[in-house]
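Just below is one structure, and these are the notes that go with it.
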Amino acid sequence: MPTLPLNSQNLPYPDPIHPIIVHFVIAMVFFSFFCDVVGYFTHHVRLFEVSFWNMFVASGAIFLAVIFGSCQLLVMMKGYAL
């Protein structure tokens with residue numbers, strides 16, 4: 001069975017994905033709050049819908065961050081190669 005090329009941290013992808021996903025989710029939560037505030041003051045109902053779907057996607061994406069973070073922690077603490 002062919003193995004994937006590993007980086008310096010024994011991960012099968014070039015950069016750690018966990019911090020990328022975490023910061024993406026944080027930005028989505030801030031953007032959702034911004035859409036709520038602007039929608040409240042301008043009475044644009046579509047901004048509330050944008051805010052809802054942003055939080056919906058952020059809620060799902062945070063689980064990906066947990067999964068990738070757990071894999072990265074497992075590799076760093078135990079020295080496993082995935």
Side-chain angles (χ1 to χ4, degrees):
M1 180 175 177
T3 60
L4 295 171
L6 303 176
N7 66 4
S8 63
Q9 298 175 341
N10 290 330
L11 296 171
Y13 36 83
D15 293 324
I17 297 176
H18 171 73
I20 296 169
I21 297 175
V22 168
H23 287 98
F24 179 70
V25 170
I26 291 170
M28 289 182 78
V29 169
F30 280 127
F31 183 70
S32 178
F33 177 73
F34 175 76
C35 286
D36 277 338
V37 170
V38 172
Y40 176 78
F41 287 116
T42 62
H43 304 291
H44 284 89
V45 180
R46 288 282 191 187
L47 288 174
F48 294 118
E49 189 175 347
V50 169
S51 174
F52 169 78
W53 286 110
N54 236 349
M55 288 299 284
F56 185 79
V57 172
S59 300
I62 199 65
F63 289 108
L64 286 174
V66 169
I67 291 169
F68 282 111
S70 298
C71 290
Q72 187 175 353
L73 182 68
L74 192 75
V75 168
M76 286 184 348
M77 298 301 286
K78 301 286 184 184
Y80 290 134
L82 296 177

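Since the structure is predicted, the reported quantities are computational estimates derived from the model, not experimental observations. We use all heavy atoms of the structure for the numbers below, so side chains are in, but hydrogens, waters and symmetry mates are not.
- Val25 pairs with exactly one of Val57, Ile62, Ile20 by the side chain to side chain contact (heavy atoms under 4.5 Å, CB included) rule, that one being Ile62.
- Looking at residues two or more places apart in sequence or on another chain, you find a side chain to side chain donor-acceptor pair (under 3.5 Å) between His44 and Thr42.
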Quick one: side chains of residues 27-34, donor-acceptor pairs under 3.5 Å with protein atoms, not counting sequence neighbours, listed by atom name and distance.
{"residue": "Ser32", "atom": "OG", "partner": "Ser51", "partner atom": "O", "Å": "3.0"}
{"residue": "Ser32", "atom": "OG", "partner": "Ser51", "partner atom": "OG", "Å": "2.7"}

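- Side-chain heavy-atom separations under 4.5 angstrom define the hydrophobic clusters, and the remaining members of the one that includes Trp53 are Phe52, Phe56.
- Of all non-hydrogen atoms in Gln72 and Pro19, the two that sit nearest each other are OE1-CD, 4.3 Å.
- Cluster partners of Val45, using a side-chain heavy-atom cutoff of under 4.5 Å among ILVMFWY residues and allowing indirect links: none.
- Expressed to the nearest 0.5 Å, how far NE2 of His18 lies from OG of Ser70 amounts to 8.5 Å.
- Shown here for Tyr40 and Phe48, the closest heavy-atom pair between the two residues is N-CZ, 3.5 Å.
- Under the salt bridge (charged side-chain N to carboxylate O under 4.0 Å, His left out) criterion, the residue pairs touching residues 28-46 are Arg46-Glu49, with sequence neighbours excluded.
- The shortest heavy-atom contact between Ala65 and Ile21 is CB-CG2, 3.6 Å.
- Counting Ile, Leu, Val, Met, Phe, Trp and Tyr side chains that sit under 4.5 Å apart, directly or through other members, Val66 stands alone, with no cluster partners.
- Cluster annotation: Phe24 is not connected to Val22 through the hydrophobic network of ILVMFWY side chains, with a link wherever side-chain heavy atoms come within less than 4.5 Å.
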